[in-house]
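Have a look at the structure below before the remarks.
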Amino acid sequence: MSLATDAAEPLETADTTNGPRHVAIIMDGNGRWAQMRGRPRLFGHHAGAKRVREIVEACPDSGVKYLTIFAFSTENWKRTQVEVSGLMKLFQRYITKEAKALSDEGVRVRFIGDRVRLNSKLVELMDNLETMTAHNDRVHLTIALNYGGRDEVARATKRLAQDVATGKLDPETVDEETLPRYLDTCVLPDPDLVIRTSGEARISNFLLWQSAYAEYEFIDTLWPDFTREEFARLTAKYGTRDRRFGAVAT
Ligand code: IPE
Ligand code: IPE
Ligand code: MG
């Protein structure tokens, strides 16, 4: 990347806020939200999916250019068949229903995670949505679906090893800039802020490599109750944090 030398020419990515550029969210608590209402867990997942649009729309106001959301983990296959197949249907329905609105609002959608285990119809919808929104740049929404940080690093390492085996990559040149080029997130900046809803203070295999220096917010709100106001509060709070990256505060 080259630095702008002409002061009259604004930097394309210049940000007027000191808020986070990339926010990642572990959208947790759908099941408990439904259980509290005496409803099946899938009811909570449907309510949770409805929250996504509002948060995506709130991004520009908080100066957030990249939003990455955890929709289904590589560990979530351990749930009952009813819940897993209900979630897979929900993802198909969500993409079909939301595609136009997301596209019209200038949202570029990407998916991360391993597509191999996903149903071919769902993968087709994901591919189409990525293509349909590829020209957009207002908000970059990345949906982690069948995503696991360890799985991602393992898949990346495999491809890296293949490049070494075929002579495309010299192992002597491998450093900490090399592996990220093989990750699903290779075109994204690292997250600045990771939010987890539902009161659990763990990261559950989300963006392990990428979040090495992220700030974290663990909040009690269950995902279906999460609002744009709470999002704005958390992104504003981020601006008050002192990110030292290992250095001494100046
Ligand atoms: C998060 O909500 C959504 C997914 C993991 C798909 P949960 O389903 O984990 O909700 P809780 O944690 O059981 O309340
Ligand atoms: C993390 O939530 C995964 C998603 C939000 C998609 P989980 O509910 O699956 O995580 P654990 O089981 O509490 O660690
Ligand atoms: Mg959960």
Side-chain angles (χ1 to χ4, degrees), residues 22-56 66-98 109-119 122-123 125-126 129 141-155 183-185 188 191 193-211 214-227 230-231 234:
H22 184 176
V23 177
I25 307 182
I26 303 173
M27 309 184 291
D28 197 17
N30 295 348
R32 277 163 284 171
W33 186 90
Q35 273 157 7
M36 280 164 60
R37 287 159 179 78
R39 305 292 299 267
R41 295 178 57 83
L42 278 166
F43 181 70
H45 293 313
H46 282 267
K50 284 191 195 134
R51 300 311 308 149
V52 173
R53 171 104 70 92
E54 179 176 314
I55 304 309
V56 174
Y66 295 87
L67 179 71
T68 299
I69 55 176
F70 204 2
F72 190 88
S73 78
T74 47
E75 288 72 36
N76 287 148
W77 298 103
K78 293 177 197 159
R79 297 185 178 198
T80 63
Q81 204 264 330
V82 170
E83 183 166 352
V84 169
S85 66
L87 278 165
M88 294 300 147
K89 277 195 207 109
L90 169 63
F91 298 141
Q92 292 197 24
R93 234 176 76 174
Y94 179 84
I95 296 173
T96 310
K97 267 185 65 189
E98 293 290 304
V109 185
R110 295 183 178 90
F111 292 90
I112 55 171
D114 190 0
R115 298 181 193 203
V116 170
R117 203 170 162 183
L118 300 175
N119 149 320
L122 175 58
V123 174
L125 288 166
M126 290 158 62
L129 185 56
L141 171 67
T142 302
I143 304 176
L145 217 168
N146 193 25
Y147 175 87
R150 288 181 172 177
D151 175 71
E152 180 193 33
V153 170
R155 285 186 287 106
L183 295 175
D184 298 348
T185 51
L188 304 175
L193 172 65
V194 178
I195 298 169
R196 182 176 187 140
T197 57
S198 92
E200 312 293 355
R202 54 177 171 259
I203 58 171
S204 302
N205 206 6
F206 190 43
L207 301 176
L208 296 181
W209 174 283
Q210 299 87 339
S211 299
E215 301 291 328
Y216 283 90
E217 285 287 353
F218 297 103
I219 56 164
D220 288 338
T221 310
L222 301 174
W223 173 252
D225 292 328
F226 189 73
T227 59
E230 194 153 24
F231 183 71
L234 296 173

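Read the numbers this way: they start at 1 and go in the same order the structure lists the ligands and their atoms. Note that these values count all heavy atoms, side chains included, but never hydrogens, waters or copies made by symmetry. Every value quoted in this text rests on a predicted model; they were computed, and no experiment measured them.
Looking at Phe70 and Leu207, their side chains never come closer than 4.5 Å, going by heavy atoms from C-beta outward. Taking 4.5 Å as the limit, every side-chain heavy atom of Thr142 sits out of range of all side-chain heavy atoms of Thr185. The closest side-chain heavy-atom distance from Val123 to Phe111 is not below 4.5 Å. Side-chain contact between Leu118 and Phe91: absent, with no pair of heavy atoms (C-beta onward) separated by less than 4.5 Å. In this structure, Gln210 and Thr68 have side chains that are not in contact, with every pair of non-hydrogen atoms separated by 4.5 Å or more.
Of all protein heavy atoms, the one closest to atom 7 (P) of ligand 2 is Arg79 NH2, 3.7 Å. Atom 5 (C) of ligand 2 has its closest protein heavy atom at Met27 O, 3.5 Å. The protein heavy atom nearest to atom 10 (O) of ligand 1 is Gly31 N, 2.9 Å.
Using a 4.0 angstrom heavy-atom cutoff, Gly29 counts as in contact with ligand 1. The closest approach between Glu200 and ligand 1 stays at or above 4.0 Å for every heavy atom of the residue.
Side chains of Arg196 and Ser204: a donor on one and an acceptor on the other come within 3.5 Å.
Side chain of Asp114 to backbone of Asn146: no donor-acceptor contact under 3.5 angstrom is found.
Considering both main-chain and side-chain atoms, Trp33 never comes within under 3.5 Å of ligand 1 through any nitrogen or oxygen pair. Checked against a 3.5 angstrom limit, the closest N/O atoms of Asn76 and ligand 1 fall outside it. Considering backbone and side-chain atoms together, Arg202 places an N or O closer than 3.5 Å to an N or O of ligand 2. Checking only distances, Ser204 does come within under 3.5 Å of ligand 2, N or O to N or O. Annotation: Phe72 places no N or O atom under 3.5 Å from an N or O atom of ligand 1; distance criterion only.
A salt bridge does not link Glu152 with Arg155: every distance from a Lys NZ or Arg NE/NH1/NH2 to an Asp or Glu carboxylate oxygen is 4.0 Å or more.
Within the 4.0 Å cut-off (strictly below), no protein heavy atom is located near atom 12 (O) of ligand 2.
Considering just the N/O/S atoms of Asp28, the one nearest the Mg ion (ligand 3) carries the name OD1.
Against a heavy-atom cut-off of under 4.0 Å, Arg32 is close to the following atoms of ligand 1: 11 (P), 12 (O), 14 (O). If you number the atoms of ligand 1 from 1 as listed, the ones under 4.0 Å from a heavy atom of Ala71 come out as 6 (C).
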Please test Val52 against Trp223 for side-chain contact (heavy atoms from CB on, under 4.5 Å), starting from the C-alpha separation and ending with a verdict. CA-CA 10 Å; Val52 173; Trp223 173 252; 4.2 Å; yes
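Contacts between Arg196 and ligand 2, counted as non-hydrogen atom pairs separated by less than 4.0 Å, involve the side chain only.
Closest approach of Met36 to Leu222, counting heavy atoms only: SD-CD1, 3.6 Å.
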